[in-house]
Amino acid sequence: MMRIIKSIKYKYWRLKNRNKFLRLGKYSFINIPLKIDGAQNIEINDFVTIGAYSWIAALPLTGHECKLIFGKGSVIGNFNHIYATKRITLGEKVLTADKVYISDNLHGYDRIDIAIMDQPVKQVAEVVIGDGSWLGENVCIIGASVGKNCIIGANSVVTRDIPDYSIAVGAPAKIIKRYCLKENIWKKSTPEGVII
Ligand SMILES: CC(C)(COP(=O)(O)OP(=O)(O)OC[C@H]1O[C@@H](n2cnc3c(N)ncnc32)[C@H](O)[C@@H]1OP(=O)(O)O)[C@@H](O)C(=O)NCCC(=O)NCCS
C-alpha cells in the first residue's frame, strides 16, 4: 500500500513540475519541498533525489546569471538549504546528510546604520561540490568548493576550497586526511592537505 502511495506521489509530482525547471532529469524527485525559488534556473539531472523540507533556490539577487545544478545520481538529505545567486554545481553522486547549507552568497554587512537583512546580498565565490563527495550532518559550505570523493565531517563549516580526495572537519574546516595515490590508502595530513 505504502509503495503504491509513494509511486502515485512521485508520478503526480513529476507531472506537475516537469516544465517548471530548467531541466528535470528522468527518475528525479523532490520529496515534500519546503520552498523552490527560481526553478527556471535549476537543473536537476537524472536519478536525483532531494529529501523532505529542503529549500532550493537559484535567484540572480547579485545581478549575475544564476544557475543551480544537481549532478546525475546525487542524493540530497532532508532539511537542506541550497541557495545560489550565481552558480552552485553539485557533481555526480554527491551525498548530503540532513540539515546541510550550501551558498555562494552572504548578507552584506558593510553598513551599521541599516539592519543586515535590509543590505544587499553579496556575491562570494561560486561553489562546486565534486563528484562522489559526501557532506555530513549540519555541514555549511559558504562560497568555497569541495573536490572529488571528499568527506566533510558532521558540523563542519567550509569557507576555503578543499582539494580532491580529502577528509576535512571542524569550523572552519581543516583537512585531516588525504588519499595517498601512491600507496592507495588514506593518510593523515596537515591542515593544508600535505600528507604526513
Ligand atoms: C569525518 C568522519 C567521516 C571521520 O571519520 P574517520 O575517518 O573515522 O575519522 P577518525 O575517527 O579517525 O577521526 C580523526 C580525527 O578527526 C576528529 N573528527 C572526526 N570527525 C569530526 C567532526 N565531524 N568534527 C570534528 N572533528 C572530527 C576525530 O575526533 C579525530 O581527532 P583526533 O585525531 O584528535 O583524535 C566522521 O567523523 C564524520 O563526521 N562523519 C559524518 C557522519 C554523518 O554526518 N552522517 C550522516 C549520515 S549521511
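Quick caveat, the model's predicted, so the values are computed rather than measured. Throughout, residue positions are numbered sequentially from 1 according to the sequence presented. When a ligand or atom number is given, it counts from 1 through the structure's own listing order.
Atom CG of Asp104 and atom NZ of Lys86 lie 8.5 Å apart (nearest 0.5 Å). Distance check: Leu68 CG to Thr89 OG1 gives 8.0 Å after rounding to the nearest 0.5 Å.
Scanning the protein for heavy atoms near atom 7 (O) of ligand 1, the closest one is Lys177 NZ, 2.9 Å. Scanning the protein for heavy atoms near atom 39 (O) of ligand 1, the closest one is Ala154 N, 2.9 Å. Atom 40 (N) of ligand 1 has its closest protein heavy atom at Trp134 CH2, 3.9 Å. When only non-hydrogen protein atoms are considered, atom 36 (C) of ligand 1 lies nearest to Gly153 CA, 4.9 Å. Nearest non-hydrogen protein atom to atom 19 (C) of ligand 1 is Val169 CG1, 4.2 Å. At the top of the distance list for atom 47 (C) of ligand 1, counting protein heavy atoms only, stands Ala97 CB, 4.1 Å. For atom 13 (O) of ligand 1, the nearest non-hydrogen atom of the protein is Ile176 CD1, 4.5 Å.
Heavy-atom contacts from other residues, nucleotides or ligands closer than 6.0 Å to CD1 of Ile112 number 12 or fewer. When the shell of 6.0 Å around CD of Glu65 is examined, it contains 12 or fewer heavy atoms from other residues, nucleotides or ligands. Within a 6.0 Å radius of CZ in Arg111, other residues, nucleotides and ligands contribute 12 heavy atoms or fewer. The neighbour count for Arg160 CZ, taken as heavy atoms of other residues, nucleotides or ligands under 6.0 Å away, does not exceed 12. Few gaps surround OH on Tyr10; more than 12 heavy atoms of other groups in view lie less than 6.0 Å from it.
On a distance-only criterion, Ile152 and ligand 1 share no N/O pair closer than 3.5 Å. Residue Lys188 has no nitrogen or oxygen atom sitting less than 3.5 Å from a nitrogen or oxygen atom of ligand 1, judged on distance alone.
Per-atom contact check: atom 16 (O) of ligand 1 touches the protein, criterion being a heavy-atom distance below 4.0 Å. Protein heavy atoms are absent from the 4.0 Å sphere centred on atom 33 (O) of ligand 1. Distance check for atom 29 (O) of ligand 1: every protein heavy atom is found at 4.0 Å or beyond. The presence of a protein heavy atom under 4.0 Å from atom 44 (O) of ligand 1 is confirmed. Counting protein heavy atoms under 4.0 angstrom from atom 3 (C) of ligand 1 gives one or more. The protein reaches atom 9 (O) of ligand 1 closely, with a heavy atom under 4.0 angstrom from it.
Under the 30°/60° scheme for interplanar angles, the aromatic rings of His81 and Trp55 are found to lie parallel. Using bins of under 30°, 30° to 60° and over 60° for the plane-to-plane angle, the ring pair Tyr53/Phe79 lands in the parallel bin.
Short contacts between ligand 1 and Glu137, defined as distances under 4.0 Å to a heavy atom of the residue, involve ligand atoms 43 (C), 44 (O), 46 (C). The ligand atoms of ligand 1 that sit less than 4.0 angstrom from a heavy atom of Ile151 are 3 (C).
A cation-pi arrangement is not found for Lys177 relative to Tyr165, the charged atom failing to lie both closer than 6.0 Å to the ring centre and inside a 45° cone about the ring normal.
Between Ile152 and Val158, the closest side-chain pair of non-hydrogen atoms falls below 4.5 Å.
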